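Accompanying notes for the structure given below.
FYI, side chains are in, hydrogens and waters are out, and symmetry mates aren't considered; it's all heavy atoms of this structure. None of the values given here were measured: they were computed from a predicted structure.
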Amino acid sequence: MDFVYKNPSALIEERVQDLLSRMTLEEKIGQMAQIERSVATPSVITDLSIGSILSVGGSAPFEDAPSEAWADMVDRFQKAALESRLGIPLLYGVDAIHGNNNVYGATIFPQNVGLGATRDADLVQKIGIVTALEVRACGINYTFAPCVAVCRDPRWGRCYESYGEDTELIRKMTSIVTGLQGQPPPGYPQNYPFLAGRDKVVACAKHFVGDGGTDRGINEGNTISSYDDLERIHIAPYIDCISQGVCTVMASYSKWNGSHLHSSHFLLTEVLKGKLGFKGFVISDSEGLDRFFHPHGSNYDQSILAAINAGIDMVMVPFRYQLFLDHLKYLVESGEIRMTRIDDAVERILRVKFVSGAFENPLSDRSLLDTVGCNQHRELAREAVRKSLVLLKNGKDVTKPFLPLDRKAKRILVAGKHADDLGFQCGGWTKTWKGMGGRITIGTTILEAIKDAVRGETELVYEENPSPDTFAIQDFSYSIVVVGEPPYCESGGDSQDLRIPLGGEELISLVAGRVPTLVILISGRPLYIEPSILEKMEAFVAAWLPGTEGTGITDVIFGDFEFHGRLPMTWFKSVDQLPLHQEQNSYEPLFSFGYGLTSKNKVL
């Protein structure tokens, strides 16, 4: 075989150096670009030697496209890449952050904050295994997960993407990396990218670093801390990811002490690549370079210069790819960016592509299609929902627990929009970037699960917003009120008051003032609970954003399974206390970090 890089038996580093030696400058910088699928024509991919394609914010082949349609699309892109002069395959990236959540019919798991409540690293690793299978069924080989942010303030709009407020909890949950990529064998090179086979995906630890520690929880804001605190609180989970062979790391939109992470040579090169020994590639966040100056996207050449010299290897540049490539080429030819920096970036990208098996198996494996949304995968998601539920109150009189509920009760009232809205149940980053309400995919709503659980002679009444007349003409044994947040993402989720939206407080007050009531809160974080409202309810369950398998909730509230979850974040009494976390001296929460009850009111 003439070309060493095409020889699967050759050492990875030999293949990397052989291919690098054959590449032109244009081909090298093409590999450093990740562009949006909607602009990725065959000629663009082939002629520019594009390195990667992504689906921006859930961008799909068409509405409700099944996995097979995704595989058809990705295969077309890969075939175009293989037609380029050197035949370098693509990495195709998606935000598969709680299952393959862009794809209709995929298994949607609880968002990370709920998984943090499980404290179950083995479960999270299994979720990684299943997510990888369903992603690879689409022909996709790269996911922008996991988010290993340590969320120090629930006002942050990405709080639900974090496993919690505690560094050690986040470190435990990094087991998902091994689920997604596979387990490196004994003796595997330390801190070197790893991928086990065609049923695994390239993972991405994000967002480096301090994204969950910004002042007042402002998304893309400023984390104010010493380096020692940054390392102790926020960098530590990355060490665990790197030790498991995580292939890529994404830079954060946020700042550290006023400096953009995307332009921090100290953190990206000296710390991440130097001190931590990371051998994979660093990718920017979407249009991350456009955020350096105001107005958005101005002084682009200076942004590129700062980011590439800081240590960004691949740039997520969805639409302005030609401008990016032109500027980058000029900066290299003018000597402002050294060729050694370009070669380092491309070496890292090629290393991951060789490790991932993309050269040997660039096209989709259609045998995986039957795994998407299968019963086995949904059962795992159902288990995750069960274990994520946190019981915070059970009976006004603790000696008389309200749960488990009597499934043979004469008449039950279910209220609240969240009881019968699959999109609300899943939250953001589901089907679309922001998420959306309605029957957005295949799954079971909480109301449907309740109907299945009670049946028999029990009369079940569902009113999204019951009126006082509802209670005047009917006598209810008890009610289940399901309230919470609508879907949101990123800055759209930032909140300074953290009140239950959509009239949730009023609904609880109305119903719980008339009927013994279980309140189920669907949210991506702790929310403010008025003391009088908490007093009115008999029982209170934090269900987070559980995903498609609503039956996991009824499994527990009706007593088939015991409560297992413990708070992954401190539940504050007042937003004036924020940020509030367990190591503070003045720690007076409503419910402390790690709190959770069993149905017998035993503290877990």
Exercise: identify the closest heavy-atom pair between [X] and [Y]:
X	Y	answer
Thr248	Val202	CG2-CG1, 3.8 Å
Val246	Cys204	CG2-N, 4.2 Å
Pro318	Ser286	CG-OG, 3.4 Å
Val148	Ala205	CG2-CB, 4.4 Å
Val385	Pro546	CG2-O, 3.3 Å
Thr432	Gly435	OG1-N, 3.0 Å

[atom1]/[X] to [atom2]/[Y] distance, rounded to the nearest 0.5 angstrom?
X	Y	atom1	atom2	answer
Ser252	His262	OG	NE2	7.5 Å
Leu527	Glu485	CG	CD	4.5 Å
Glu490	Asn219	CD	CG	6.0 Å
Ile308	Leu328	CD1	CG	5.5 Å
Ile53	Arg37	CD1	CZ	9.5 Å
Arg171	Asp240	CZ	CG	4.0 Å

Handout entry: His581 ring center near Phe593 ring center (under 6.0 Å)
Key =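 Not close enough - the centres of the two rings lie 6.0 Å or further apart.
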[Y] and [X], any side-chain heavy atoms less than 4.5 Å apart:
X	Y	value
Leu261	Trp256	yes
Leu289	Ser284	yes
Trp544	Ile522	no
Arg378	Ile442	yes
Phe266	Leu272	no
Leu597	Leu604	no
Ile500	Tyr528	no
Ile127	Leu115	yes

Show, in sequence, the C-alpha distance, side-chain angles and deciding distance for Ile218 and Trp156, and conclude whether the side chain to side chain contact (heavy atoms under 4.5 Å, CB included) test is met. CA-CA 6 Å; Ile218 295 172; Trp156 186 35; over 6 Å; no
Asn191 side chain vs Leu276 backbone, donor-acceptor pair below 3.5 Å
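Between the backbone of Leu276 and the side chain of Asn191 there is a qualifying donor-acceptor contact (under 3.5 Å).
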| Is a donor on one side and an acceptor on the other found under 3.5 Å between the side chain of Asp285 and the backbone of Gly288? |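 Answer holds: no.
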inquiry  = Under 6.0 Å from the ring centre and within 45 degrees of the ring axis: does the NZ or CZ of Arg351 meet both conditions for the six-membered ring of Phe281?
reply    =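 Arg351 over Phe281 ring: no.
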Would Lys434 count as a cation-pi partner of Tyr488, with NZ or CZ less than 6.0 Å from the six-membered ring centre and within 45° of the ring normal?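 Pair Lys434/Tyr488 does not count as cation-pi.
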Do the ring planes of [X] and [Y] sit parallel (below 30°), tilted (30 to 60°) or perpendicular (above 60°)?
X	Y	result
Trp571	Phe591	perpendicular
Tyr142	Phe144	perpendicular
Phe194	Tyr188	perpendicular

Should [X] and [Y] count as an ion pair when the cut-off is N to O under 4.0 Å?
X	Y	answer
Asp166	Lys172	no
Lys206	Asp95	yes
Lys273	Asp344	yes
Lys275	Glu231	yes
Arg152	Glu583	yes
Glu383	Arg386	no
Arg320	Glu287	no

Do [X] and [Y] pair up side chain to side chain, a donor and an acceptor below 3.5 Å, judged on atom types alone?
X	Y	result
Gln125	Ser175	no
Thr570	Tyr587	yes
Arg155	Ser495	no
Trp429	Gln111	no
Lys353	Gln31	yes
Thr107	Glu134	yes
Glu36	Ser38	yes
Tyr92	Ser55	yes
Thr178	Gln244	yes

The test is ring pair (Phe, Tyr, Trp, His ring centres under 6.0 Å); show your working for His98 and Phe109 and say whether it passes. CA-CA 5 Å; His98 61 134; Phe109 292 93; 8.6 Å; no
Determine whether more than 12 heavy atoms belonging to other residues, nucleotides or ligands lie under 6.0 Å from atom [atom1] of [X].
X	atom1	result
Lys255	NZ	no
Gln496	CD	yes
Glu588	CD	no
His294	NE2	no

What's the verdict on ring pair (Phe, Tyr, Trp, His ring centres under 6.0 Å) for Phe292 and His260, showing C-alpha distance, side-chain angles and the deciding distance? CA-CA 7 Å; Phe292 286 9; His260 284 280; 5.1 Å; yes
Checklist entry - Passes side chain to side chain contact (heavy atoms under 4.5 Å, CB included), Ser303 versus Asp290? Steps please. => result CA-CA 7 Å; Ser303 300; Asp290 292 8; over 6 Å; no
Q: For the pair Ile283 and Asp313, evaluate side chain to side chain contact (heavy atoms under 4.5 Å, CB included) and give the outcome as yes or no after the intermediate values.
A: CA-CA 6 Å; Ile283 187 169; Asp313 302 311; over 6 Å; no
| Run the side chain to side chain donor-acceptor pair (under 3.5 Å) check on Glu270 and His265 step by step: do they pass? | CA-CA 7 Å; Glu270 295 178 44; His265 184 274; 3.3 Å; yes
